Amino acid sequence: AQRVTQPEKLLSVFKGAPVELKCNYSYSGSPELFWYVQYSRQRLQLLLRHISRESIKGFTADLNKGETSFHLKKPFAQEEDSAMYYCALRRGSGNTGKLIFGQGTTLQVKP
Amino acid sequence: EADIYQTPRYLVIGTGKKITLECSQTMGHDKMYWYQQDPGMELHLIHYSYGVNSTEKGDLSSESTVSRIRTEHFPLTLESARPSHTSQYLCASSDLAGGYTGELFFGEGSRLTVL
């Protein structure tokens, strides 16, 4: 079964500390993975996708097929990073935006 | 301004009532989606539309129905609301590129409470 698991509901760190938001997936095909973010009083929006291998707002995520993981990392957390983060898996292939989401992790960055 | 709009934002209604959640986008997107999210839980795809007159059910079984008569409009209807329908409903859209990139644009959501 296709599934995305985010084991931590809440991750609390101090400003300047490293951050790692965990995401594991189960999928039999070639996965496409994404991180979405929802800041307070804002809409859910795309943060980054593994296929782009990009760094957005200092965040990076590497797809590890051996461990079926796609953890989101940032070396030095900022208070403005406090938000809800969702890991998502694209189901199927080709031109579709159908995504399977994890339960989300709330990141709280304390001053 | 290109955007995706959902109304109402909040709705409290009694059991047995018919409700329609509106979703409109001015982004010119072909694909639209409805996701359902219970508090602290995953978003689940309940409806998907490729374009006008093309809809299909998502992963999570839902008693709601949708229609896509116009490109910009994708309403969701519950004929007879029940307390089990209490949830947040998120509408999203994507263009052709978004279908490949996985980028969905979300509305602000409609929080439904059925008493």
Side-chain angles (χ1 to χ4, degrees), chain A residues 1-11 23-27 29-54 56 61 63 70 83-106, chain B residues 1-7 9-10 23 25 27 29-51 54-60 62 66 74 87-111:
Chain A
Q2 298 148 353
R3 188 177 179 86
V4 175
T5 303
Q6 294 178 249
E8 303 145 325
K9 278 196 175 291
L10 172 66
L11 182 62
C23 172
N24 290 92
Y25 66 90
S26 62
Y27 183 59
S30 182
E32 291 185 59
L33 286 143
F34 310 85
W35 278 98
Y36 274 76
V37 62
Q38 186 169 24
Y39 300 103
S40 178
R41 289 184 290 278
Q42 293 188 28
R43 305 178 193 191
L44 192 60
Q45 58 186 288
L46 178 67
L47 179 62
L48 57 78
R49 45 187 172 253
H50 91 269
I51 201 166
S52 300
R53 301 187 65 81
E54 57 200 345
I56 303 294
L63 178 61
F70 187 56
M84 186 75 162
Y85 292 81
Y86 292 93
C87 183
L89 167 72
R90 188 209 297 270
R91 184 169 67 88
S93 60
N95 185 8
T96 172
K98 300 179 197 176
L99 302 177
I100 297 170
F101 285 86
Q103 292 185 326
T105 298
T106 299
Chain B
E1 182 182 337
D3 206 346
I4 180 165
Y5 304 92
Q6 286 189 245
T7 57
R9 292 287 313 283
Y10 302 92
C23 177
Q25 51 97 2
M27 307 180 84
H29 289 170
D30 292 323
K31 297 175 176 56
M32 296 189 75
Y33 317 77
W34 277 104
Y35 282 86
Q36 183 177 342
Q37 184 182 27
D38 293 332
M41 302 298 288
E42 308 94 321
L43 284 77
H44 289 285
L45 181 68
I46 53 174
H47 296 287
Y48 173 57
S49 171
Y50 291 90
S54 172
T55 63
E56 66 179 49
K57 289 191 175 294
D59 303 319
L60 182 67
S62 174
V66 292
F74 191 41
S87 190
Q88 174 161 255
Y89 294 84
L90 288 166
C91 183
S93 69
S94 67
D95 60 10
L96 182 65
Y100 287 107
T101 63
E103 180 164 16
L104 305 184
F105 293 86
F106 282 88
E108 293 181 297
S110 292
R111 192 170 296 278

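Reminder, nothing fancy here: chain letters follow the sequence lines and each chain counts from 1. All values derive from a computational prediction rather than experimental measurement.
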By the definition side-chain contact (heavy atoms from CB on, under 4.5 Å), identify the one residue from B:K57, B:E56, B:M32 that meets it with B:Y48. B:E56
Could you tell me whether a side-chain N or O of A:Y86 sits under 3.5 Å from a main-chain N or O of B:L43, the two making a donor and an acceptor? no
Aromatic rings B:Y35 and B:F106: how do their planes relate, parallel, tilted or perpendicular, breaks at 30° and 60°? tilted
Does any backbone or side-chain atom of B:Q6 lie under 4.5 Å from a heavy atom of chain A? Answer side chain, backbone, both or neither. neither
Which bit of B:L45 comes within less than 4.5 Å of chain A, counting heavy atoms only: side chain, backbone, both or neither? side chain
If you tally heavy-atom pairs under 4.5 Å between each of A:G104, A:A88, A:G102 and chain B, the highest tally belongs to A:G102
How would you list, by chain and number, every residue that makes a side chain to side chain contact (heavy atoms under 4.5 Å, CB included) with B:H44, sequence neighbours excluded? B:E42, B:L60
